[in-house]
> 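Sharing a structure with you now.
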Amino acid sequence: MSKRRPLVAGNWKMHGVKASVAEFGRIAEGYDAGLKAKVDLLICPPATLMSTLAVVALGTRIGIGGQDCHAKPSGAYTGDIAAEMIADTGATAVILGHSERRADHGETDAMARAKVLAAWRAGLVAILCVGETHAERDEFRALDVVRTQLAGSLPDGATAANVVIAYEPVWAIGTGRTPTIDDIAEMHGVLREELIARFGDEGAGMRLLYGGSVKPENAGEILHVPNVDGALVGGASLKAESFIAIARAYL
Ligand SMILES: O=C(CO)COP(=O)(O)O
């Protein structure tokens, strides 16, 4: 039996307004005692909702996280948010190095690495995303690409408590397509090997999430793959019904 407690995290991306607080309430209602005994839940709303949801989440045992942070604690960086500001809302985690940040904002492994250090400085858990493009998988480079991303973006000092790794194949995000169960098992196995080689027992204890078109229909299969310790869910996290249904794969 693995001692890693599963985590199902919702990445709301650029979705959600004040009315979405009610949807969060429905997620909290669905997080019953049976689920609480088995799985952690985290919601990463847009920055505009973080403070509100952090208050609403008090007592629900659902964590709140950010979707990105700046590497610096403060300064003249218009539009950016420091890890310390995320922590100040009551959030406890932050997604970093997401492929949408890498593609749309030119984020490199070095930048993701600096942001992970910022998250730790602020006391946040870093949810670090890695994943190959479709072309890279076609060229049989997926494992190498992901190994390189992990090596370049995960700093020394990572522990089972301060980092979660999310494997998100870029081509599976929002497309309804997923890798085969064997491909997920292979990638997560490689990630686990890398983490143990670098961090020993801490690496063995780090949670590895799968992300990319996770839905209630495929959660049962994906979440029981060895070394898959949960999911990072985009679209299906926007509705309480589907998000909770995914978490219930652990019951
Ligand atoms: O990018 C994702 C989560 O970070 C996955 O998004 P989808 O679940 O919508 O494919």
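Atoms within each ligand, like the ligands themselves, are counted from 1 in listed order. Because the structure is a prediction, the values reported are computed rather than measured.
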> Here's one to test your reading of the geometry: is the NZ or CZ of Lys36 within 45 degrees of the ring axis of Tyr31 and under 6.0 Å from its centre?
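Geometry flag: set, cation within 6.0 Å and 45°.
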> Is it the case that ligand 1 has an N or O less than 3.5 angstrom from some N or O of Gly234?
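There is such a contact, yes.
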> Please list, in number order, the atoms of ligand 1 under 4.0 Å from a heavy atom of Gly212.
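With Gly212 as reference, the close atoms of ligand 1 come out as 5 (C), 10 (O).
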> Does the pair Glu132/Arg141 count as a salt bridge with the N-to-O cut at 4.0 Å?
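Salt bridge between Glu132 and Arg141, a charged N being under 4.0 Å from a carboxylate O: no.
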> Which is closest to atom 3 (C) of ligand 1 in terms of heavy atoms, Arg177, Glu100, Gln67, Glu168?
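When every heavy atom of Arg177, Glu100, Gln67, Glu168 is considered, Glu168 comes closest to atom 3 (C) of ligand 1.
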> Flag the pair Asp80 and Lys72 as a salt bridge only when some basic side-chain nitrogen lies within less than 4.0 angstrom of an acidic carboxylate oxygen.
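Answer for the salt bridge query: no.
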> Yes or no: does Cys129 have any heavy atom under 4.0 Å from an atom of ligand 1?
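No, Cys129 has no heavy atom closer than 4.0 Å to ligand 1.
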> State, yes or no, whether a side-chain contact exists between Ile64 and Thr92 at a heavy-atom distance under 4.5 Å.
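No; the side chains remain at least 4.5 Å from each other.
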> Does even one non-hydrogen atom of Lys215 get within less than 4.0 Å of ligand 1?
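No, that is not the case, since the closest heavy atom of the residue is not under 4.0 Å from the ligand.
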> Return the residue, atom name and 0.1 Å-rounded distance of the protein heavy atom closest to atom 6 (O) of ligand 1.
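In this structure, atom 6 (O) of ligand 1 has Lys13 NZ, 3.3 Å as its nearest protein heavy atom.
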> Below 3.5 angstrom, do we get any N/O pair linking Gly211 and ligand 1?
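So ligand 1 has no N or O lying under 3.5 Å from an N or O of Gly211.
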> Does this structure show an ion pair linking Asp40 with Arg61, if we count only N-O contacts that are shorter than 4.0 Å?
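Judged by the 4.0 Å cut-off on N to carboxylate O distance, Asp40 and Arg61 do not form a salt bridge.
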> Compute the shortest N/O to N/O distance between Gly174 and ligand 1 and return yes if it is under 3.5 Å, no if not.
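N/O-N/O distance under 3.5 Å: yes.
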> With a 4.0 Å cut-off on heavy atoms, is Ala236 in contact with ligand 1?
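Checking ligand 1 against Ala236, which is what was asked, there is no heavy-atom contact under 4.0 Å.
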> Can you tell me the protein heavy atom closest to atom 9 (O) of ligand 1 and the distance?
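Residue, atom and distance for the closest contact: Gly235 N, 2.8 Å.
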> Which atoms form the tightest heavy-atom contact between Lys13 and Asn11, and what is the distance?
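Closest approach of Lys13 to Asn11, heavy atoms only: N-OD1, 2.9 Å.
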> Within a distance under 4.0 Å of any heavy atom of Leu232, pick out the atoms of ligand 1 and give their elements.
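Contacts of ligand 1 toward Leu232, numbered from 1: 3 (C), 4 (O).
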> Please work out whether the ring planes of His188 and Tyr210 are parallel, tilted or perpendicular, with thresholds of 30° and 60°.
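Because their plane-to-plane angle lies in the 30° to 60° range, the rings of His188 and Tyr210 count as tilted.
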> Using 30° and 60° as the class limits, which term best fits the ring planes of Tyr250 and His224: parallel, tilted or perpendicular?
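Ring orientation of Tyr250 relative to His224: tilted.
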> What atoms in ligand 1 come closer than 4.0 Å to a heavy atom of Ala172?
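Close to Ala172: 10 (O).
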